[in-house]
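Encoded as structure tokens, the structure appears first; notes follow it.
The sequence lines fix the lettering, A, B, ..., with proteins before strands; numbering per chain opens at 1. Just so you know, these numbers come straight off a predicted model, no measurement behind them. Worth knowing before you read on, the calculation uses all heavy atoms, side chains too, and leaves out hydrogens, waters and symmetry mates.
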Amino acid sequence: MTNLEIAWIFSEIADLLELKEESSFKVRAYRKAAKTIKHLSDDLGSLWKKGKLTELPGIGKNLSDKIAELLSTGQCAFHQRLKEEVPVTLRELLAIPGLGSKSVRLIHERLHVNNMEELEAAAKEKKIRTLPGMGSKTELNILRSIEMLKQNAQSEVPIGVALPLANLFLNDLKRLPEVTDGAICGSLRRGKELVKDIDLLIATRNPDLVRQTVLKHPQVKDIITSGNEKSAVLTWLGVKVEVRTVSPDQFWSALHHLTGSKEHHERLRQRARSLGLKVNEYGIFPEGSEVSLEIKGEEDIYRATGVPYIPPELREDSGEWEAALENDLPRLLELEDIKGDLHLHTSWSDGIHSIEEMADAARRKGYEYIAITDHSRSLGIANGLSIERLQEQHALIKQMNSQSADLKILTGVEADILQDGRLDYPDEILEQCDVVIASIHTGFRQEMEKLTLRAEAALKNPYVHILAHPTGRILGRRKPYDIDLDRLFQLAKAEGKALEINSSIDRLDLNAALARRAAYEFEIPIVINTDAHDVSRLEEMAYGVTTARRGWLTKEQVVNTKSKLELDKFLKRRRIE
DNA sequence: GCCGTTTTCGGCCCGACTGTTTTCAGTCG
């Protein structure tokens with residue numbers, strides 16, 4: 001039985017306990033354990049054999065026994081018993097916004113509703129409004145929500161879609177009179193690659209004006225809630241936008257509060273409480289006091305609890321508190337640290353702009369170097385370069401470099417990894433390139449062993465420097481390749497090859513968690529590239545850097561923060577080996 | 001059900017919004 005299966009069972013137990021209205025703390029204990037197990041990198045089975053289950057946070061005697069039971073028998077008696085007492089199909093009703101365990105239980109007991117279909121029928125027959133505490137609005141909400149759930153199963157949007165939309169709202173709201181400040185918060189500020197909604201905070205003395213503006217905004221399709229301090233709307237893009245207003249003196253504590261994550265805050269409040277402080281969105285209050293400590297920035301909130309500032313990207317309760325308490329937080333990579341982009345396409349293959357145009361755009365960004373890495377010959381659909389055209393391109397780049405010294409243009413190629421693991425050009429051609437990127441563009445539905453062998457063969461090629469978009473996933477559209485990443489990471493480490501964080505808004509591959517593993521567990525150098533096919537997409541470097549920051553990466557772990565000279569050493573060293 | 005620099009019991013984060021009420025419970029983030 002896998003970690004994930006056990007996590008699912010614990011999560012189901014939590015829901016069933018909640019529906020039974022058992023202690024919310026017990027429910028929380030199961031939820032927390034499910035989350036811990038889901039994100040665990042070690043196998044539960046081996047931890048069990050070593051007797052180390054109770055060393056996991058939130059796993060005590062009882063839960064470790066249940067894990068052992070599941071691992072040895074494949075079942076858990078407690079879970080089975082719960083399923084007999086509570087219909088599992090009631091769980092799906094919890095997905096309806098506005099319905100929690102209390103309401104679901106009430107509906108189940110009084111109306112004998114067991115699943116979503118029966119709920120819909122009961123609502124249509126106007127039976128819901130006969131229950132105590134429920135009226136016609138609740139009934140309507142249920143019907144509307146079921147309709148929505150039927151329509152869109154997946155409701156997360158990529159950061160690259162959410163961020164521009166968030167800025168559109170933010171810029172409009174910040175221009176209003178009496179608005180002193182505004183910011184993006186929530187998971188978007190933490191840099192998550194997919195977000196469920198957009199959270200905005202506005203500091204103002206006129207919250208009513210802000211609310212009216214939000215509700216009337218041209219992007220708004222539907223109003224979800226509208227209160228004195230908080231409004232929520234559904235945009236035409238299907239993304240929910242929540243706007244919270246606070247008075248200007250509460251801006252920083254509210255910004256911190258709304259940035260989350262929930263789990264990070266729970267730890268903060270626990271710690272604050274142990275120091276005799278209460279933390280909420282309005283400030284930090286010494287026990288019994290109505291007056292907040294002075295807060296002039298988020299730093300002050302952490303300082304009050306005796307730890308250094310924790311950047312938003314780390315606020316996931318994934319080790320940042322432990323690191324902060326040890327004063328061992330990483331000094332995260334900044335966008336300004338990036339000195340160049342090593343994966344660019346031009347009109348020579350399937351890009352839009354010429355080498356000159358891409359180079360000019362890079363100069364405007366203050367880069368020291370770029371690599372032109374057009375597609376290789378077998379990728380006909382992308383107008384891949386023949387050997388002759390590649391050499392012609394190299395000659396042109398050499399000439400351009402001789403005419404201008406401010407930006408070094410490296411010659412390169414994004415070489416396809418062919419079906420048998422060979423690269424798309426012979427070694428003597430690859431040797432002539434300053435930068436060789438290897439990537440899989442075909443046959444990504446092959447079985448794991450074959451795909452892994454292909455990527456391994458590429459990593460073993462002495463002229464390859466970088467493996468691009470290593471998992472091949474496309475956000476919301478294509479799952480990662482079925483590839484053995486542990487083997488790739490081992491080999492990349494042994495061969496001294498770099499792995500890419502591809503910043504393109506629909507890739508972000510490696511993702512934050514994998515980049516963190518590659519860099520910390522395997523000490524693999526990471527390179528952050530845009531894979532831009534036109535000048536505007538050079539700006540997507542920001543998304544790659546955010547992803548790297550969420551993966552705890554420092555400047556030292558990232559190849560393209562190196563100076564021209566240092567980069568040259570890195571590229572040459574690989575080739576000599 | 002877990003946990004401990006207030007330690008083996010008694011806590012466990014905190015507040016806003018909605019819908020239904022006439023002061024609040026349930027839900028959500």
Touch class at under 4.0 angstrom, heavy-atom based, for A/T36 against every strand present: nothing

Under a 4.0 Å heavy-atom cut-off, which of residues 240-252 of chain A touch DNA chain B? A/K240, A/R244

Which residues within residues 111-123 of chain A lie with some heavy atom under 4.0 Å of an atom in DNA chain B? none

Does a nitrogen or oxygen in the side chain of A/K230 sit under 4.0 Å from OP1 or OP2 of B/dG29? no

From the set B/dA16, B/dC17, B/dG29, return the single nucleotide nearest to any side-chain atom of A/K262. B/dG29

salt_bridge(A/K192, A/E156) N-O dist < 4.0 Å: no

Minimum-distance nucleotide to A/N280 side chain [options: B/dG29, B/dG1, B/dG15]: B/dG15

So, OP1 or OP2 of B/dG19: does either fall under 4.0 Å of a side-chain N or O from A/K137? yes

Under a 4.0 Å threshold between the charged nitrogen and the carboxylate oxygen, would A/R473 count as salt-bridged to A/D509? no

Taking atom C1' of B/dC17 as reference, at what distance in whole Å does atom CG of A/D199 sit? 15 Å

For nucleotides 3-9 of chain B, tabulate all protein N/O to nucleotide N/O atom pairs closer than 3.5 Å, reporting atom names and distance.
| unit_1 | atom_1 | unit_2 | atom_2 | d |
| --- | --- | --- | --- | --- |
| B/dC3 | OP1 | A/G58 | N | 2.8 |

Could you list the donor-acceptor pairs under 3.5 angstrom formed between side-chain atoms of residues 102-111 of chain A and any protein atom two or more places apart in sequence or on another chain?
| unit_1 | atom_1 | unit_2 | atom_2 | d |
| --- | --- | --- | --- | --- |
| A/R105 | NE | A/E21 | OE2 | 3.0 |
| A/R105 | NH1 | A/L19 | O | 3.3 |
| A/R105 | NH2 | A/E109 | OE2 | 3.3 |
| A/H108 | ND1 | A/V113 | O | 3.0 |
| A/H108 | ND1 | A/N114 | OD1 | 3.2 |

Should A/R517 and A/D486 count as an ion pair when the cut-off is N to O under 4.0 Å? yes

Return no unless some side-chain N or O of A/S24 is found under 4.0 Å from OP1 or OP2 of B/dC12. no

Donor-acceptor contacts, no H, no angles, side chain residues 223-231 of chain A, under 3.5 Å, sequence neighbours left out:
| unit_1 | atom_1 | unit_2 | atom_2 | d |
| --- | --- | --- | --- | --- |
| A/T225 | OG1 | A/A232 | N | 3.4 |
| A/E229 | OE1 | A/Y282 | OH | 3.0 |

Lys/Arg N to Asp/Glu carboxylate O, A/E281 vs A/R244, below 4.0 Å: yes

Is it true that A/R303 and A/E299 make a salt bridge, defined as a side-chain N closer than 4.0 Å to a carboxylate O? no

Side chain of A/A29 - closest among B/dG1, B/dG29, B/dT20: B/dG1

Find out whether the Lys NZ or Arg CZ of A/K66 is both under 6.0 angstrom from the six-membered ring centre of A/F78 and within 45° of the ring's axis. yes

Euclidean distance, atom CG of residue A/L17 to atom C1' of B/dG1 [Å, nearest integer]: 10 Å

Atom pairs, protein N/O to nucleotides 22-26 of chain B N/O, distance under 3.5 Å:
| unit_1 | atom_1 | unit_2 | atom_2 | d |
| --- | --- | --- | --- | --- |
| B/dG26 | O3' | A/S103 | OG | 3.3 |

For the pair A/K35 and A/E263, find out whether any cationic side-chain nitrogen is under 4.0 Å from an anionic carboxylate oxygen. yes

Would you mind classifying the nucleic acid contact of A/V27 as base, sugar-phosphate or nothing, using non-hydrogen atoms under 4.0 angstrom? nothing

